[in-house]
Every structure is written in C-alpha cells, then in structure tokens.
Amino acid sequence: LIPYVTIFLFGIVVGSFLNVCIYRLPEGESIVKVPSHCMSCGAKLRWFDLIPLFSWLFLRGRCRQCKAVISVQYPVVEAVNGILWVAVFLVNGMNGMSVLYSLMASALLTLSVIDWRTFEIPFGINVFLGVLGVVAVFLEKEEWRSHLIGAVCVSGVLFVLYLLSKGRAIGGGDIKLMAVSGLFLGAAPTVCAMFIGLVTGGGYGAYMLISKKLDRKDHFAFGPFLAFGLAVA
C-alpha cells in the first residue's frame, strides 16, 4: 500500500505542474520562469497555497488575496493524474516502463484539456511524447520494428486523410500525436488506440448532432478521444 500512496502523492504533485502547463502553454507564457500566481489578481502564491489538492480545499476554492473563485480544474487534474499513475503501476508493475507510461499519461491528460479548450495540441507536448518514444525503443530494443511500424501505421492513414480533405477531416496535431505515441506504444496498441478514439469520438459527435448541440459544419476536438484511446492501450 505504501508504494502506491507514494506514487499517488508524486502524481498529484506532477498534476499541479500540469495545471501550469494547461493555462500557460496556449498563452505562450513560460512554465518555469514565471512564479505561480492568481489568474485574477496576479498575486504571487505562497508555498502553502501550492499544496496539491489540499490548498484548494483549505482555501475553499478561492484566492487568499482577492477571493476570486479558483477553478475546480486544479484539484480535478491533480487527482486524476495521481489516479492514472497508480493505475499504470498496478497494471504494469514497478519498472522503468511504468515510469515512462506515467509520464505519457500526464502528457495525454494535459493535451486533452488544452485541445478541448483551444482546438490545438501544443507542439511541445508532441515533442515530449516523441522523446519518450525514443527512450521506449531503447528500453525495448527487441521490439524496435513494432515501434517503428506504430509510428506510421495510423499516422500515415491520417496524413492521407488530411491531404484528401485539405485539413478539414483531421488536424495536423492529431497526426503528430499518433506518430509519436505510435513510436512509444508499438503497432498493435496504436491501432487499438485509434479504434477506441474513433468509437468514443464518433459516439460523442453523433450525440451532439442528434441533440442539435452541433451542426454538420461545426467541429470538435478529436485529440481528447485519441488520448483516451492511447491511455487505455
């Protein structure tokens, strides 16, 4: 039990950093040089205002200085990341690949929230996933062919779709996401991830059309559904 509690605590600490990335990356703001501050009044946060989960609860979801409401996203992202890390280690065991899988899960969580809000997947997150993919290839040298096939088997199809539709059917960020994630996971899991993404994303799109919350000319972020498929795979 103690190892998993420790993993959860590390996960929520990293989750706190993910919130920084979620808010700052779309704005082009530094994620390391600028100190943590209130998004409403700009007041610099003290160390006791930055304790994952607990600070939000103690402050009752409001800034200590200006009393502005602090989004519930902060504790939710922290908690979800902690849970994801524990799930990864439970499924894969205590090994180096589980560390990589956990970092991948954190990146997928971050890009999902950003893409849902902005319809863009930050290039830096795809670069980070690409680096994890290269490391995975070195750790699983005997499976290098599967990793290389994974990098192109889905992204190649999406790229053709992108060309045929002139960018209307799929985004460039989604193609890059499946390429670098495919390099990380290998061929079979990447195809599985794409299937899950299509089913969940298609189901969501159908629901939105039937409920008339979208029309045929609208679009929605597909990245979160791909990320969900990749996390499951």
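The first residue of the sequence shown is numbered 1, and numbering continues consecutively from there. Only this structure's heavy atoms are used, side chains among them; waters, hydrogens and symmetry mates stay out.
Under a 3.5 Å cut-off, the side chain of Ser155 and the backbone N or O of Ile175 do not form any donor-acceptor pair. Checking side-chain atoms of Ser16 against main-chain N and O of Ile12 turns up no donor-acceptor pair under 3.5 Å. Under a 3.5 Å cut-off, the side chain of Ser211 and the backbone N or O of Met208 do form a donor-acceptor pair. With hydrogens and angles disregarded, a donor-acceptor distance shorter than 3.5 Å links the side chain of Trp85 to the backbone of Ser102. When atom types are taken as modelled, the side chain of Ser98 and the backbone of Phe89 share no donor-acceptor pair closer than 3.5 angstrom. Asp115 contributes no side-chain N or O that, together with a main-chain N or O of Leu111, makes up a donor-acceptor pair within less than 3.5 Å.
The shortest non-hydrogen separation linking Thr190 to Gly182 is OG1-CA, 3.1 Å. Of all non-hydrogen atoms in Cys41 and Gln65, the two that sit nearest each other are SG-CB, 4.2 Å. A pairwise comparison of heavy atoms in Ser112 and Ala227 identifies OG-CB, 3.2 Å as the closest pair. Taking both residues in full, the closest heavy atoms of Asn126 and Gly173 are given as ND2-O, 3.5 Å, listed atom of the first, atom of the second, then distance. In plain terms, the two heavy atoms of Asn81 and Gly11 that are nearest each other are ND2-O, 2.7 Å. The two residues Pro224 and Trp116 have their closest heavy-atom pair at CG-CE3, 3.8 Å.
A 4.5 Å side-chain heavy-atom check between Met178 and Leu230 finds at least one atom pair inside the cut-off. Here the side chains of Phe184 and Val180 are not in contact, with every heavy-atom distance at 4.5 Å or above. Looking only at side-chain heavy atoms (C-beta outward), Ile121 and Lys176 stay at 4.5 Å or farther from each other. Side-chain contact between Phe17 and Val77 is absent, with no heavy-atom pair separated by less than 4.5 Å. In this structure, the side chains of Leu108 and Leu84 stay at 4.5 Å or more apart for every pair of heavy atoms. No side-chain heavy atom of Asn92 sits less than 4.5 Å from a side-chain heavy atom of Met97. Annotation: side chain of Tyr4 is in contact with side chain of Met94 (closest heavy-atom distance under 4.5 Å).
Rounding to the nearest 0.5 Å places CZ of Arg62 at 9.5 Å from CD1 of Ile70. Here the CD1 atom belonging to Ile7 is positioned 13.5 Å from the CD1 atom belonging to Ile83, to the nearest 0.5 angstrom. Rounded to the nearest 0.5 angstrom, Tyr74 OH and Leu59 CG are separated by 12.5 Å. Between the CG atom in Leu183 and the CD1 atom in Ile149 there is a gap of 12.0 Å [rounded to 0.5 Å]. Note that the CD1 atom of Ile51 and the CG atom of Leu57 stand 11.0 Å from one another [nearest 0.5 Å].
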Practice prompt. Test side-chain contact (heavy atoms from CB on, under 4.5 Å) on Trp56 and Val72 and set out the steps.
Written response: CA-CA 8 Å; Trp56 189 89; Val72 71; 4.1 Å; yes
Discussion item. Does Leu129 form a side-chain contact (heavy atoms from CB on, under 4.5 Å) with Met104? I'd like the steps, not just the answer.
Written reply: CA-CA 7 Å; Leu129 287 170; Met104 182 185 192; 3.7 Å; yes
Item to complete: List the steps and the verdict of side-chain contact (heavy atoms from CB on, under 4.5 Å) for Leu25 and Phe123.
Response: CA-CA 10 Å; Leu25 288 179; Phe123 180 69; over 6 Å; no
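Counting non-hydrogen atoms of neighbouring residues, nucleotides and ligands closer than 6.0 angstrom, the CZ atom of Phe8 exceeds 12 such neighbours. Heavy atoms of other residues, nucleotides or ligands lying less than 6.0 angstrom from CZ of Phe54 number 12 at most. Residue-environment remark: CZ (Phe10) stays at or below the threshold of 12 foreign heavy atoms within 6.0 Å. Counted within 6.0 Å of CZ on Phe195, heavy atoms from surrounding residues, nucleotides or ligands total 12 or fewer; the atom is thus considered open.
The cationic atom of Arg117 (NZ for Lys, CZ for Arg) lies less than 6.0 Å from the six-membered ring centre of Tyr23 and within 45° of the ring axis.
The aromatic rings of Phe220 and Tyr204 sit perpendicular, their planes meeting at an angle over 60°, well past the 30° parallel limit.
With Glu78 as reference, Asn19 is the one residue of Leu18, Val13, Val14, Asn19 to meet the side-chain contact (heavy atoms from CB on, under 4.5 Å) rule.
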